[in-house]
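This report refers to the structure that appears directly beneath it.
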Amino acid sequence: MASDASFANLLECPICYEQFKTAPKQLPCKHTLCEACLHGLVQYNSIICPECREESPVPPGGVAAFPNDLTMQRFLEHHRTKALQTHTGQPPRSPIKKPIDHSPVDLQRSLQGTLLLMERDKDVFTKANQSLQEERQRYQQWRAAAQKRIIDVLDHVEGIVRQRKGQLLKDIETIYQRALLSVETEDVKVEVKKQGMDKLCVALREKLSQSATVGTRNDHDQVVTMVSQAQAVDASLRGGIELQLTQLNLLETGMDDLLSGIRGWGQVTATPQIHKIHPPALPTSPSIPPPPVLLGHSKMMTGPAMTSHQGMVKPSGQLSKTQTTTAASQHQQQQLKQVPVLQQQLKQVPVLQQQLKQVPVSQQQQQQTGGGSGQSTPQVHQEQVHVPPQVQQQSNESQSLKKSQVTPVKAPHSSHIEQHQEPSSRYASMGQMSIQFGYDGGPGLLSSPLAVAELPNGTMAVTNGMTYEIKLFNNQGNHLKSMSLPSRGSFKHGLTGIAVHPAGHMCVSNPDRKEIQLVSVEGQVKGQLRVKVSIGEEKFCPWGIACSSQGVMYVCDRANHRIRVLNATGAHVSSFGGRGKDFGKLDCPTGVALTPNGQVAVADSNNNRVQIFTPEGGFVRSFGTEGSGLGELKGPSAISIDQNGYMAVSEMTNNRVQIFTPAGQPLVVFGKAGAEGGQFASPRGITVSRDGKVIVCDTKNDRVQVFQ
């Protein structure tokens with residue numbers, strides 16, 4: 001049984017862990033993968049083998065033109081034949097061909113009916129051309145309506161912005177004039193007090209010069225009174241002069257949310273649909289009979305329907321009318337499948353869909369948008385234009401600027417602004433690489449780094465994809481230590497995930513050993529955690545991993561398309577997900593992280609999205625669709641969340657990193673394919689350090705890059 005299981009494992013695609021369903025394709029390097037996975041590996045008209053990393057050009061016919069692995073096909077046939085024999089207890093029967101033996105009458109009827117069928121079926125091409133012409137007109141109408149809608153909405157927003165700009169400038173001028181008037185009033189008050197003080201000083205000087213002649217009691221009292229008044233005035237001056245002035249403030253709270261809502265508005269989508277066109281039905285006429293099916297020409301029969309006698313094979317019964325009609329219908333469908341022109345036109349549908357996704361939105365209008373408005377944005381009435389709900393609430397968010405709690409904005413020094421910069425502003429200006437390491441040889445040399453984590457002391461721990469090693473680096477990228485973990489069995493994936501447990505040790509995913517290894521910072525393996533899967537599931541294949549402050553672990557089980565939940569003692573308590581494209585379902589999840597409020601964010605790699613779950617596995621929301629634009633994802637491989645809830649996602653296929661707000665709105669994207677600084681080649685692991693740096697495993701460039 002063990003050998004049978006090992007043999008069955010050899011018949012699985014090393015990428016999706018599914019048994020080959022279609023013809024397995026063989027790369028020039030002789031490694032075999034399924035055709036579906038090969039499509040996902042195409043980059044710049046070439047494929048890099050995930051097994052040996054040899055680059056191979058895609059042949060002119062596309063992925064389907066790669067040669068079939070005939071040896072693997074024979075193994076599959078043998079395996080399925082053996083499985084069938086085990087299930088039935090009998091070897092499969094060999095197919096027996098029925099000889100061709102038709103009378104001239106049957107042949108004539110078949111020719112007559114087939115000719116009628118072909119003449120009738122030719123009308124399907126006319127209908128197809130008419131339908132395609134109607135589709136072209138409908139696409140043109142949709143394009144015109146969508147463009148008009150975008151222009152109207154953004155012009156409306158621009159008008160509101162201009163109106164708000166004029167109002168704010170007018171308010172500034174009004175408040176400025178009022179402030180100047182208050183200053184002038186205080187200036188008059190100060191001048192009056194100063195003149196009174198001057199008069200009092202003159203009177204004191206006169207009395208001082210006449211002090212020798214003061215003789216009467218009345219003169220004496222006047223001097224005393226004058227001196228008392230002067231001393232009182234002087235005492236009031238020592239306490240300072242109060243000036244009634246005005247503090248001027250410009251309040252900008254809510255600007256980030258407003259700009260984020262406007263930038264995320266206007267997703268253009270294209271949903272593929274199948275429009276099947278059938279040929280006209282044949283009329284029932286006794287003069288023109290339907291063609292009989294020539295079973296001996298192409299059909300294979302086994303079992304009791306055929307009986308053998310002296311080496312001759314004959315049917316045990318005549319075909320019924322229902323069987324004949326069904327076979328004729330199958331013949332019609334076969335004819336339709338062989339229309340090359342229609343197939344070639346249908347192949348252009350993905351190109352049209354990609355063009356629809358790239359409808360440009362004016363970047364200048366987005367940058368000019370700011371301030372609040374008290375008017376609602378009109379809703380989209382065309383069904384073909386998709387408007388997210390958060391954009392329909394744009395005007396309400398703008399109006400909330402006036403009602404929200406605000407704080408005055410002062411003018412601190414530039415260094416103070418850098419130290420206390422808001423996360424959205426910090427990430428919006430990110431994209432400049434500060435350091436890179438692991439590629440320049442020596443003991444710190446990395447080989448396909450897959451995961452990275454920041455230890456409590458600020459050290460960076462990086463796992464290798466081509467070895468069972470963890471390498472430690474300081475925050476300057478200097479190598480500190482290398483730790484080798486025990487291996488067992490054949491090498492396939494390396495160490496695919498790492499997280500720091502609140503107890504201080506590292507939790508490392510090792511799918512080759514089907515376990516999570518608990519490793520101390522000194523490199524000692526303190527224990528192993530394994531998950532007992534249900535009947536019918538694949539073996540436990542841990543990938544990305546995250547730990548809560550209570551020690552609860554959330555692990556991506558990539559082969560079973562689930563998130564495994566392990567409690568603080570390491571016991572498997574629950575799981576959620578399962579393969580699928582619906583909300584709450586997953587397809588090869590490879591990255592997981594926890595939000596500040598304890599929710600679970602999962603990089604749903606093959607579904608090209610990020611999904612948010614409750615700690616118990618309940619679906620909350622999802623963001624991201626397949627594509628290469630802002631807010632779109634392609635092959636999200638890892639995710640990390642900072643203390644403010646901002647999410648950094650590495651995209652393996654797009655060769656870039658994208659930052660999202662806590663609400664899932666795209667903020668900034670940086671990186672492209674290449675080997676220069678700031679460029680990526682299949683980035684995988686990612687983490688955001690406590691001081692806001694984004695640390696990325698640039699896997700196929702064998703290095704780690706740090707951005708700030």
Side-chain angles (χ1 to χ4, degrees), residues 437-438 446 449-465 468-485 494-511 515-529 542-556 563-571 590-603 615 637-650 684-697 704 706:
F437 56 89
L446 295 172
L450 289 181
V452 59
E454 184 186 30
L455 302 183
N457 61 357
T459 300
M460 292 177 283
V462 184
T463 68
N464 266 341
Y468 297 112
E469 283 186 307
I470 302 174
K471 294 182 182 288
L472 303 184
F473 300 84
N474 63 15
N475 55 10
Q476 298 300 317
N478 300 318
H479 177 254
L480 302 176
K481 187 177 183 179
S482 295
M483 299 178 287
S484 297
L485 303 186
L495 306 178
T496 56
I498 186 171
V500 180
H501 195 275
H505 58 264
M506 296 176 286
C507 303
V508 183
S509 296
N510 189 335
E515 67 184 18
I516 298 170
Q517 296 173 301
L518 308 181
V519 185
S520 67
V521 292
E522 291 79 21
Q524 298 176 348
V525 179
K526 304 174 62 177
Q528 300 88 16
L529 303 178
W543 217 264
I545 185 171
C547 291
S548 72
S549 58
Q550 292 78 28
V552 178
M553 286 175 278
Y554 297 86
V555 186
C556 294
I563 301 297
R564 306 285 183 180
V565 184
L566 284 66
N567 62 19
T569 63
T590 53
V592 60
L594 301 180
T595 65
N597 61 358
Q599 292 181 333
V600 184
V602 181
S637 53
I639 183 171
S640 181
I641 303 177
D642 70 4
Q643 59 187 357
N644 297 303
Y646 285 79
M647 293 172 274
V649 181
S650 60
R684 305 291 179 96
I686 191 170
T687 190
V688 180
S689 64
R690 284 182 289 274
D691 59 355
K693 298 177 182 177
V694 177
I695 307 168
V696 186
C697 290
V704 170
V706 182

Does a side-chain heavy-atom distance below 4.5 Å link [X] with [Y]?
X    : Y    : answer
F473 : L446 : yes
L450 : C697 : no
I563 : C556 : yes
V602 : Y554 : no
I470 : S482 : no
I639 : V592 : no

Look only at the side chain of [X] and the backbone of [Y], and say whether a donor-acceptor pair between them is shorter than 3.5 Å.
X    : Y    : value
R564 : M553 : no
S520 : H505 : no
D642 : N644 : yes
E454 : R690 : yes
T595 : G645 : no
S650 : I686 : no

Quick one: which of [options] gives a side-chain contact (heavy atoms from CB on, under 4.5 Å) with [X]?
X    : options          : result
L472 : T459, V521, N457 : T459
I695 : V462, N475, T687 : T687
N510 : T496, L495, I516 : L495

Heavy-atom closest pair (A499 atom, C547 atom, distance to 0.1 Å) is CB-SG, 4.1 Å
